[in-house]
Amino acid sequence: QVQLVESGGGSVQAGGSLRLSCSASGSIFRINSMGWYRQAPGKQRELVATITDGGVTNYADSVKGRFTVSRDNAKKIVYLQMNSLNPEDTAVYYCNAQAQSSRTVFPRGYWGQGTQVTVSS
């Protein structure tokens, strides 16, 4: 199994910045894509940003130009640098990894426990 542990959430005023980290551990043969999703109260979970093992990134339109996803493949860590935060960014942020736990199994999605980000106006 693959475990994902997020850190770096917290409270910040509008215009501020936060950096989230997510570390993968456990039985890992390969991690394909890693990324971040978020869920605000009363809303569905939505994609924020993803990055492949080759460094190809994908962002939600709402965060383009403000958020940057990056990855350290050797350390199995994915980061999300969030700048120019606004109250609409308030949500629980979840780390996701598409990974294989061994050579003989298909990749599947794994989730972290989530970290709260609160942006006040």
Determine the minimum heavy-atom distance between [X] and [Y], stating which atoms define it.
X	Y	answer
T57	Y59	OG1-CE1, 3.6 Å
A49	L47	N-CD2, 3.8 Å
Q81	S17	NE2-CB, 4.0 Å
R66	N86	NH1-ND2, 3.4 Å
G114	V92	CA-CG1, 3.8 Å
S33	I31	O-CG2, 3.9 Å

Worksheet item: Is D53 paired with R71 through a side-chain N to carboxylate O contact shorter than 4.0 Å?
Response: no
Fill in: Single-linkage hydrophobic cluster I77~W36, side-chain heavy atoms < 4.5 angstrom
no
Worksheet entry | Joint cluster assignment, M82 & V12, ILVMFWY side-chain distance < 4.5 Å |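 Yes; tracing contacts between hydrophobic side chains, which count when under 4.5 Å, links both residues.
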Do [X] and [Y] come within less than 4.5 Å of each other through their side chains, counting heavy atoms only?
X	Y	result
E88	T90	no
V117	L20	yes
E6	C95	yes
V48	L80	yes

Say you draw a straight line from [atom1] of [X] to [atom2] of [Y]; how long is it, rounded to the nearest 0.5 Å?
X	Y	atom1	atom2	answer
N73	T52	CG	OG1	8.5 Å
L85	S11	CG	OG	11.0 Å
Y94	L4	OH	CG	13.0 Å
T115	L18	OG1	CG	9.0 Å
C22	Q3	SG	CD	11.5 Å
K75	S25	NZ	OG	15.0 Å

Item to complete: Kindly say whether S101 contributes a backbone atom to a donor-acceptor pair with the side chain of S27 at under 3.5 angstrom?
Response: yes
Worksheet item: Which is it for Q44 and Q39 under the side chain to side chain donor-acceptor pair (under 3.5 Å) test, yes or no, and what are the steps along the way?
Response: CA-CA 6 Å; Q44 291 187 331; Q39 188 166 19; over 6 Å; no
Worksheet item: Are the aromatic rings of W111 and Y37 close, with centres under 6.0 Å apart?
Response: yes
Worksheet item: Is it the case that R108 places NZ or CZ above or below the six-membered ring of Y110, under 6.0 angstrom from the centre and within 45 degrees of the axis?
Response: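 Ring-cation test returns yes.
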Worksheet entry | R30 vs I28, side chain to side chain contact (heavy atoms under 4.5 Å, CB included): CA-CA, chis, key distance, verdict | CA-CA 6 Å; R30 178 180 178 181; I28 300 174; 5.9 Å; no
Fill in: Candidate pair S120 and Q13, rule side chain to side chain contact (heavy atoms under 4.5 Å, CB included), full reasoning
CA-CA 5 Å; S120 58; Q13 289 190 328; 3.8 Å; yes
Item to complete: Would you check, one step at a time, whether the test side chain to side chain contact (heavy atoms under 4.5 Å, CB included) holds for R38 with V63?
Response: CA-CA 12 Å; R38 67 187 181 186; V63 308; 4.0 Å; yes
Fill in: Chi angles and distances behind the side chain to side chain contact (heavy atoms under 4.5 Å, CB included) call for V69, V78
CA-CA 7 Å; V69 62; V78 63; 3.8 Å; yes
